[in-house]
Amino acid sequence: MTQTAPSSPAPGAPTGPTPERATADAHQPRTPRQWVTLAVGVLVLVALCLVAGRWQWNRYVAREAEIERIETNYASEPVPVDAVLDRPGATLDEDDLWRPVTLVGRYETDATVLLRNRPVGGSPGFHVLVPFVTNPTSSAPDGLVVVVDRGFVPLGSDAVTPGDVPAPPGGEVEATVTLRGDEPPSGRDAPDGQVQAISTDQVLTAGPDGATWAEGRTVGAYGQLRTEVPPADEPLEALPKPDTDPGSHLSYAFQWAVFAIGAVAGFWLLVRRDRRDARGEETTLTAGDLLAAQDPDAARARREPRSRRPSAEDEEDALIDAQLGSHPGPPTGRADETSSERDLQRERPPLR
């Protein structure tokens, strides 16, 4: 009994699965468990995107409110300090942030303290903090003690000591300052006479005499110096105006919203394609399907050219060929005559 050897594929024929079979294998219907996993993943992704987008939106709203407050208060006319901070222990209202006020009194030069790690314009250095004691009023018989950030000095020979620190003007001074809220106390250590935050209690405590002399006279705010009369013999580098850049919070909020919409749209497309495959509808092959279906070394199958509709001349030639073929002549010597007869037949007018 003889066995028939398996026939080898024709040369040039693709050895892998056909594109239709590869497409069907690549798009097998997903199981219910896979759909549940995908749905949970999409829900988690959408929830994270919405939370992140809402967070960025809240930051944008808060920043816009702060910019509006800065633009309104910073350009307003200065008022006496007791119109905003009327008594010792008063705290600064949020609506009065960045408002200019005038202080009339004297600087406590001996209680000068330096603020560390607060660059200005990208330049490292120190802020010079000097307590200011206002003249007595009916609401503050002993005056108010307000810490004033007089300006900026660059680093000295090292990162611990500053360069020369100009002294403030002596005697009675009228200083115009921008009110800022007290900063939270810092837990970081600092050398003697220096602080890491503008917290009134910490600034006074860091002075050589401590904070005992100012007890009962402080307020929950500090001032950034604008002008002082009389001016100092050697002014400090002025502090910059507040930043009013809104940042990128709004664009980030929209980006997170787009990511959430994209996750839902991607899941919907997967569902739609899976249903289409289940109905057996024809799908469009992609480049990945063709690469997966054919041998990389085999030639890419080419699409057969479309058959065009025969013209009138083609139909007339076929009719003449049929008529000539029904009357075969001698095998040789008839090529020229056959061509002449075909031309004569082509020149005849068509029968009606």
Side-chain angles (χ1 to χ4, degrees), residues 4-70 94 117 183-184 186-188 197 243-307:
T4 304
S7 59
S8 58
T15 58
T18 62
E20 293 78 5
R21 178 62 181 275
T23 304
D25 293 341
H27 303 307
Q28 289 292 335
R30 290 174 174 81
T31 62
R33 182 176 182 181
Q34 290 175 327
W35 281 119
V36 171
T37 303
L38 282 173
V40 171
V42 170
L43 290 177
V44 172
L45 180 59
V46 170
L48 292 176
C49 291
L50 293 179
V51 170
R54 182 60 183 269
W55 175 63
Q56 289 291 349
W57 175 260
N58 291 337
R59 294 188 65 186
Y60 164 74
V61 172
R63 181 58 180 164
E64 285 296 310
E66 182 180 3
I67 291 174
E68 183 179 1
R69 184 186 306 115
I70 291 173
E94 187 176 0
N117 300 325
E183 297 178 359
S186 174
R188 294 178 296 173
D243 182 23
T244 55
D245 182 11
S248 303
H249 305 302
L250 182 60
S251 62
Y252 288 156
F254 279 116
Q255 288 179 11
W256 285 116
V258 170
F259 293 157
I261 295 173
V264 175
F267 183 77
W268 178 77
L269 288 176
L270 284 177
V271 173
R272 186 165 178 245
R273 190 178 70 171
D274 215 74
R275 290 181 176 178
R276 181 183 58 192
D277 294 340
R279 290 193 300 264
E281 296 180 1
E282 183 179 358
T283 58
T284 303
L285 293 179
T286 63
D289 295 330
L290 293 176
L291 291 176
Q294 297 183 358
D295 187 353
D297 298 331
R300 184 184 296 272
R302 297 184 179 178
R303 183 180 297 177
E304 296 182 359
R306 294 181 178 179
S307 59

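The side-chain contact (heavy atoms from CB on, under 4.5 Å) test applied to Tyr252 returns Gln56, Ser248, Gln255, not counting sequence neighbours. Residues passing the side-chain contact (heavy atoms from CB on, under 4.5 Å) test with Leu50, sequence neighbours excluded: Val46, Ala260. Contacts of Phe254 classified as ring-ring contact (aromatic ring centres under 6.0 Å, His included), with partners at least two apart in sequence or in another chain: none. The side-chain contact (heavy atoms from CB on, under 4.5 Å) search around Ile261 returns none, not counting sequence neighbours. In terms of the salt bridge (Lys or Arg N to Asp or Glu O under 4.0 Å) criterion, residue partners of Arg63 (sequence neighbours excluded) are, by chain and number, Glu66, Asp243.
The line from CG of Leu270 to CD of Gln34 is 11.0 Å long, rounded to the nearest 0.5 Å. The distance from atom NE2 of His249 to atom CD of Glu64, rounded to the nearest 0.5 Å, is 9.5 Å. Going from atom CG of Leu43 over to atom CG of Leu48 covers 11.0 Å, rounded to the nearest 0.5 Å.
Sorted by first then second residue, the side chain to side chain donor-acceptor pair (under 3.5 Å) pairs that include residues 42-52, not counting sequence neighbours, number zero.
Of all heavy-atom pairs spanning Ala253 and Trp57, the tightest one is CB-N, 4.0 Å. The shortest heavy-atom contact between Cys49 and Phe259 is SG-CB, 3.7 Å.
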